[in-house]
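The sequence lines fix the lettering, A, B, ..., with proteins before strands; numbering per chain opens at 1.
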Amino acid sequence: MTPEIIARLFPNPLPSVAEIEAKYPPRRLPEGAKATRIAPSPTGLFHIGNLYAALVAERAAHQSGGIFYIRVEDTDQKRAVDGALKVVCDALAHYGMRADEGVDADGKDYGPYAPYTQSQRRDIYQAYVKSLVEKGLAYPCFCSAEDLDMMRKVQEKNAQRPGYYGKYAKCRGLTDAEILAKLDAGAQPIIRFKSSGDPDRRMVVKDLFKGELNLPENDIDQVILKSDGLPSYHFAHVVDDHLMGTTHVTRADEWLSSVTTHIQMFVAMGWKPPKYGHIAPLQKLDNGNRRKLSKRHDPEANIMYFAERGYPRDAVVEYLLNLINAQFEDWRKANPDTPAFDFPLNMGKMSNVAGALFDFVKLNSISREIVARLTAGQVYDETLAWARQYAPDFARRMADNRRYLIDILDIERHIGAKSRKDLAKWEDVPPEVSYFFDDLFTMTHNEKMTMLAPMDEADVMAVARDFAAAYDPADDKDAWFDKVRRIAGAHGFAADMKAYKASPAAFKGSVADAAKILRVLVTGSDKSPDLHAVMRVLGREAVVRRLNG
RNA sequence: GACCCUAUCAUCUAGCGGUUAGGAUACGGCCCUCUCAAGGCCGGUACGCGGGUUCAAGUCCCGCUAGGGUCGCCA
């Protein structure tokens with residue numbers, strides 16, 4: 001291609017390749033250290049799969065003494081959304097990941113390879129594209145969207161592979177004169193990479209997670225520079241991961257089929273490709289079929305869903321870690337008090353090669369274990385932080401009753417393995433504690449009696465009155481229960497369960513029924529945590545009032 | 001349609017030629033027990049199908065089937 005054509009293709013002044021290479025020298029990393037990145041598109045959504053990939057990349061880097069950085073892939077300007085960067089940065093920070101280099105929520109760069117936003121690296125990409133054109137490894141393409149559409153239709157009709165390759169790569173063979181003529185006519189070309197591949201030849205790629213892959217070579221002439229002057233993903237990836245010294249690219253499975261294209265480009269540029277690891281997508285069950293979690297259809301695909309529900313961040317991290325490496329579970333059992341991030345993630349032992357079903361039951365179970373290990377004060381703080389954002393009324397109530405809430409949350413907590421595990425997420429807290437507040441305890445007398453049916457109302461009231469009169473918050477659990485027994489016995493209920501079981505007909509009910517009377521009257525439910533503890537927290541005044549009311 | 005990936009209990013998985021196929025979650029039962037939760041104990045016809053290779057196959061090979069992914073001037 002003549003210098004004249006190249007000058008017309010790239011009219012603006014561009015840095016030289018040598019200048020760029022000098023500005024961004026190779027990383028000097030300790031032996032074995034990995035440089036990884038998370039490369040989100042600023043679409044305003046942070047997918048659970050992004051978090052998954054970020055976790056793998058971040059752990060791989062930091063556990064090897066390397067670098068984890070964030071690079072914004074905003075080459076599709078149509079999809080860019082304001083404030084999207086903040087979503088990404090907040091998500092990383094929220095889940096405890098620190099990027100060593102990249103951009104912050106305001107778009108400000110930090111780190112030696114800046115800028116880390118692709119739309120600001122236009123000149124860099126163009127310089128390399130230009131060098132490729134100069135070497136005859138790339139060429140201008142004047143095909144319109146309609147041309148390409150037609151091409152695809154023909155291919156479909158002929159039962160051929162779709163794509164811009166071989167004889168379909170019309171602009172590949174354009175002569176200088178033809179190019180000049182089109183340029184003179186005002187046509188705006190894009191630039192395509194001239195593939196040297198042959199699909200009949202195979203390329204062996206070693207994937208970090210999947211092992212050796214035997215893939216056909218790519219022969220499609222991919223677009224590398226779009227009409228808006230920005231590169232396509234493929235080219236931006238190759239240039240950036242070279243310049244930024246990425247050693248390990250961990251990315252979603254959907255890239256697997258373009259890995260041959262990427263390697264081909266690295267080779268054409270004379271660069272060493274990074275190691276690749278492709279992560280299978282998280283899936284969900286849909287009408288009996290699995291499909292990948294879609295951010296369009298599945299609210300749980302968006303990381304915000306977990307914040308809204310009030311899942312503790314550690315629960316989400318541990319659940320994901322558990323999917324990444326199945327050994328996590330054993331490790332957790334052996335190291336119950338170690339932070340999850342200390343888990344030695346093993347890239348060579350990746351689970352989830354095929355794509356796991358996202359399992360809320362399992363998440364909840366992990367979360368309950370985590371919440372059960374927290375102090376009441378910690379649960380209070382976390383729940384309050386959640387409520388401030390998602391349940392303001394409840395947040396106010398919490399703030400006004402701090403001591404009271406902590407006492408409530410402390411019921412049956414810190415009794416080791418037997419601690420209550422009924423809270424999986426912060427949104428479970430409000431319904432769990434509502435009966436402790438008079439204004440939320442709205443059950444009517446009739447409703448309570450219905451719940452107590454078929455017990456006789458007179459018996460119910462008698463037991464309640466006697467207990468109200470005898471209740472002393474200072475009683476310990478045994479003294480408290482002795483009173484329940486005594487009063488139960490005095491009203492014809494069996495004080496002893498064994499006696500009741502031996503001859504149930506001889507009694508109106510058992511001590512369990514007597515306790516049920518107290519429980520329903522005091523909590524409005526026939527299920528509750530330890531009644532003795534509940535009454536203590538509620539206080540004598542409220543207990544007596546509810547029993548006599 | 002083409003290409004690629006994957007295939008062990010309901011779910012996540014361990015397994016890397018010789019195992020009574022292990023764990024976790026879920027589920028069921030029992031125990032504990034004033035209810036619930038928790039806890040303890042016990043339980044279930046899990047290697048997709050068919051061919052090979054081998055003394056021996058969940059493990060290796062081939063086919064089939066099923067599921068997933070990709071085939072854009074989106075990433």
Can you tell me the base-pairing partner of [N]? Count Watson-Crick or G-U wobble geometry only, both distances below 3.5 Å, and say none if there is no partner.
N: B:C3; result: B:G69
N: B:C49; result: B:G63
N: B:G39; result: B:C31
N: B:G44; result: none
N: B:A24; result: B:U11

Give a yes/no on whether any side-chain N or O of [X] is located under 4.0 angstrom from OP1 or OP2 of [N].
X: A:N352; N: B:U13; result: yes
X: A:K483; N: B:C34; result: no
X: A:R161; N: B:G1; result: no
X: A:K516; N: B:C36; result: no
X: A:R413; N: B:A38; result: no
X: A:R420; N: B:C36; result: no
X: A:K362; N: B:C27; result: no
X: A:S351; N: B:A14; result: yes

With rounding to whole Å, what would you report as the distance between [N] and [M] at their [atom1] atoms?
N: B:G58; M: B:G52; atom1: P; result: 15 Å
N: B:C60; M: B:C5; atom1: P; result: 15 Å
N: B:U13; M: B:G48; atom1: P; result: 15 Å
N: B:U70; M: B:A57; atom1: C1'; result: 33 Å
N: B:C36; M: B:G29; atom1: P; result: 13 Å
N: B:U59; M: B:G43; atom1: C1'; result: 28 Å
N: B:C27; M: B:U20; atom1: C1'; result: 24 Å
N: B:C34; M: B:G15; atom1: P; result: 46 Å

Between A:Y128 and A:Y125, does the ring centre distance come in under 6.0 Å? no
Nearest-neighbour nucleotide for the A:D359 side chain, B:U11, B:G23, B:U70 considered: B:U11
Over all strands shown, is [X] touching base, sugar-phosphate only, or nothing at heavy-atom distances under 4.0 angstrom?
X: A:E73; result: sugar-phosphate
X: A:D526; result: base
X: A:Q283; result: sugar-phosphate
X: A:P216; result: sugar-phosphate
X: A:R332; result: nothing
X: A:T75; result: sugar-phosphate
X: A:S528; result: base
X: A:C143; result: base
X: A:K284; result: nothing
X: A:R79; result: base
X: A:K421; result: sugar-phosphate
X: A:V223; result: sugar-phosphate
X: A:I190; result: base
X: A:S227; result: base

Side chain to side chain contact (heavy atoms under 4.5 Å, CB included) between A:E217 and A:T260, worked out: CA-CA 6 Å; A:E217 286 185 2; A:T260 50; 5.9 Å; no
Going by the angle between their ring planes, with limits at 30° and 60°, are A:Y311 and A:F360 parallel, tilted or perpendicular? tilted
Kindly assign one of parallel, tilted or perpendicular to the pair A:F328 and A:W331, based on the angle between their ring planes and the thresholds 30° and 60°. tilted
Please list, one pair per line, the donor and acceptor atoms closer than 3.5 Å that link side chains of residues 45-53 of chain A to other protein atoms, with sequence neighbours excluded.
| residue | atom | partner | partner atom | Å |
| --- | --- | --- | --- | --- |
| A:N50 | OD1 | A:H47 | N | 3.0 |
| A:Y52 | OH | A:N352 | ND2 | 2.8 |

Has the side chain of A:D530 got a donor or acceptor atom sitting under 3.5 Å from an opposite partner on the base of B:C34? yes
Kindly say whether, by distance alone, the side chain of A:R192 makes a donor-acceptor pair under 3.5 Å with the base of B:C73? no
Is any side-chain N of the basic residue among A:D428 and A:K425 closer than 4.0 Å to the acidic one's carboxylate O? yes
Stacking here means centres under 5.5 Å and planes under 30°; does A:Y233 stack on B:C74? no
Hey, which of A:T246, A:I70, A:T250 is the one that makes side-chain contact (heavy atoms from CB on, under 4.5 Å) with A:R37? A:T246
Closest contact, heavy atoms only, A:H262 versus A:Y276: CB-OH, 3.5 Å
